[in-house]
Structures are given as C-alpha cells and as structure tokens.
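Here's the structure, in structure tokens; my notes come after.
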Amino acid sequence: MGLFSGIKSNYKKSEAAVVVQNLLEHYELLDLGPSLMANKLVAAIWEEKPDVFSGKFGQRPHKLTVAAAALANGIHLFEKNDLNRSVLALSLGTILSEIEVNGGLYPLNSLDRQLLEEAQAGFFKVAGELDNMDILGDELSKIIPRIGFSVGGDVNDVAAVALKKLTDMVLKKYVALPHDQLTEAISRDFDARNRCIVTDYMHFVFAELPEFQFNLGSPIREDECHDLSVIGRGKYVGFMLQVANGSNWVCSANDGISYRATSGARKLVELMNKKYGISDFSDLFKDI
C-alpha cells in the first residue's frame, strides 16, 4: 500500500509541477529555469505538509491547488524587491483567477477550498507590497480585480485591495489636473461606454472593476483638488468612498430612497477601515 501511495504522490507532484512550469515559462526573469524552479517549489510545499498533500486525511488536493500552494509558499523564499518574488506572485494570481472564473469545472473539495483560501490571503498580502515596485506591477494590477472576492463567495480583502489600488491611482493621476486637462485625460483613458463628462462633473468605470463608479466634481476654488467619490454597484449597492482634497478618506454603507445597502457594501466598509484605517461614517451619513 505504501509503495502505491508513494507512486501516486510522485505522479501528483509531477502534475502540479507542470502547472507551475507552464506559468513560469511566460517570464524570462527567473534565477532558475522554469522546470527546475517548478519542481523545487512543489517539493518544498509537499515536504512542509506531507500528510495534507499525500491524502492521509482522506482527500488529495487538485493539481491547481497544489500549484497555488507551492507558489504561495515560494513567494516568501525571496526578498521583497526580488523579481522572482513578483513572477511567483503573478503566476499565483493567474491560478486564482482561473479558479474564480472556471472553478465550477474543477472537482474541488473542502481541502482545496481551505488551501486556496490560504494561498489567496498570501497573494493579496504580497500584491499590496508590490504596488508600483517593479516592472510587473501593471500586469499584477490587471489580474487582481479578476480574482473573486473569496474562494467561498464572500467579500474579503481582494475588494479592498483592488478598490484602494485604483483609488490611489485616480488620486495620483487625475484629481490635481485643471478641468480641461482632466477632461482630455478621462476621454483618452476610458471608452465612451465607461465615462460620462458634463460641464462640472464626470464619472467613469474601470473595465476591470465594474462594480464601482468613480466620480469627480469640480473644486470650489481653483487651487483645490477635484473631490473624488466612489459609488458601489451590484453586490456593493449602498457603498460610498469619499476623498476630499486628495487626502481625507471616509467610507460608508447606507440605505437609499429606493434601495437598501447590501451586506457586501457593509462588509467592504468594515474591511476598508480594518485594512487601511479609513473612517466609517455610515452612522453620520445615515441621518443626513
């Protein structure tokens, strides 16, 4: 029995290593070749948790799960500014994105869910560190919004990370521009279907994060920044993030005249406060 178990474990290791290798082959930045790196990463995570991956508890994780766990573990073997770390993070994000989009097509069990949640948590921790720090930053920022707000379907850190990242970008790129330059920039950067520009107001939606509408209003004085507000849609109806003068952040989740704030909106406010210290003004705005 032990012999056959060992043979199957080696086969499962090879399956997962092929997944990792295929992802790593998209990049030429690794210190080791994709094949050697992939095998070392899978061997390392397997050695760390042999009982989990060998099926001792009655379930073996899917090869995508093993690959994700191997990449998540491997990320922490490199220093923060190391490009190897960035490549592994991007590869892990690709797996998590694939599972979010096509997860129903894979026979994932409860063990898979647990391991994927751990890998996802590690991914978003590292993604926050890598913002604009290396040449893979743009690719990483594109993949973040495609990953579900949790493997289990609940809102979690990814919503806060993606929203914070795009809001920071809007503040840096747009809010200080004079009106004419801002109009030109929004017209250039957003498709006509994802923007609306009028005399003293404009809004736009990022194609990669359609659940949120970004709004910019004209400043009262010429020397002030445009005020920014972000409105939640869909599962985030009732959510609002406001940034005044480019630096004063508050958020809220409140009912409207014709709608009630969703649980997703309220959870997102909680996460924005917990993760970034953004004040929750829900009670203040509730009576306005």
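- Atom CD of E184 is surrounded by 12 or fewer heavy atoms from other residues, nucleotides or ligands within 6.0 Å.
- Using cut-offs of 30° and 60° for the angle between ring planes, the H179 and H226 rings count as tilted.
- Closest heavy-atom contact between G55 and R60: CA-CG, 3.7 Å.
- Residue R193 places its CZ atom among 12 or fewer non-hydrogen atoms of other residues, nucleotides or ligands, all under 6.0 Å distant.
- The CG atom of L182 lies 11.0 Å from the NZ atom of K173; values are rounded to the nearest 0.5 Å.
- Residues P210 and R233 approach most closely at O-NH2, 2.8 Å, considering heavy atoms.
- Screening N73, L83, L41 for a side chain to side chain contact (heavy atoms under 4.5 Å, CB included) involving L88 leaves a single residue, L41.
- In the displayed structure, K275 atom NZ is contacted under 6.0 Å by more than 12 heavy atoms of other residues, nucleotides or ligands.
- The closest side-chain heavy-atom distance from L268 to F212 is below 4.5 Å.
- Between L96 and F123, the closest heavy-atom pair is CD1-CB, 3.8 Å.
- Considering OG1 of T65 and CD1 of I99, their distance stands at 5.5 Å, rounded to 0.5 Å.
- Taking both residues in full, the closest heavy atoms of A89 and I75 are given as CA-CD1, 3.6 Å, listed atom of the first, atom of the second, then distance.
- Between E118 and K49 there is a salt bridge, since at least one side-chain N of the basic residue sits less than 4.0 Å from a carboxylate O of the acidic one.
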Start with the C-alpha gap between S9 and F53, add the side-chain angles, then the distance that decides, and say whether side-chain contact (heavy atoms from CB on, under 4.5 Å) holds. CA-CA 8 Å; S9 289; F53 293 104; over 6 Å; no

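- Here CD1 of I278 is found 6.5 Å from NZ of K164. Values are rounded to the nearest 0.5 Å.
- A side-chain donor-acceptor contact under 3.5 Å links Y174 and D189.
- Between F204 and F214, the ring-plane angle classifies as parallel under the 30° and 60° cut-offs.
- Two residues are said to be in side-chain contact when any heavy atoms from C-beta on lie closer than 4.5 Å; W249 and L171 meet this criterion.
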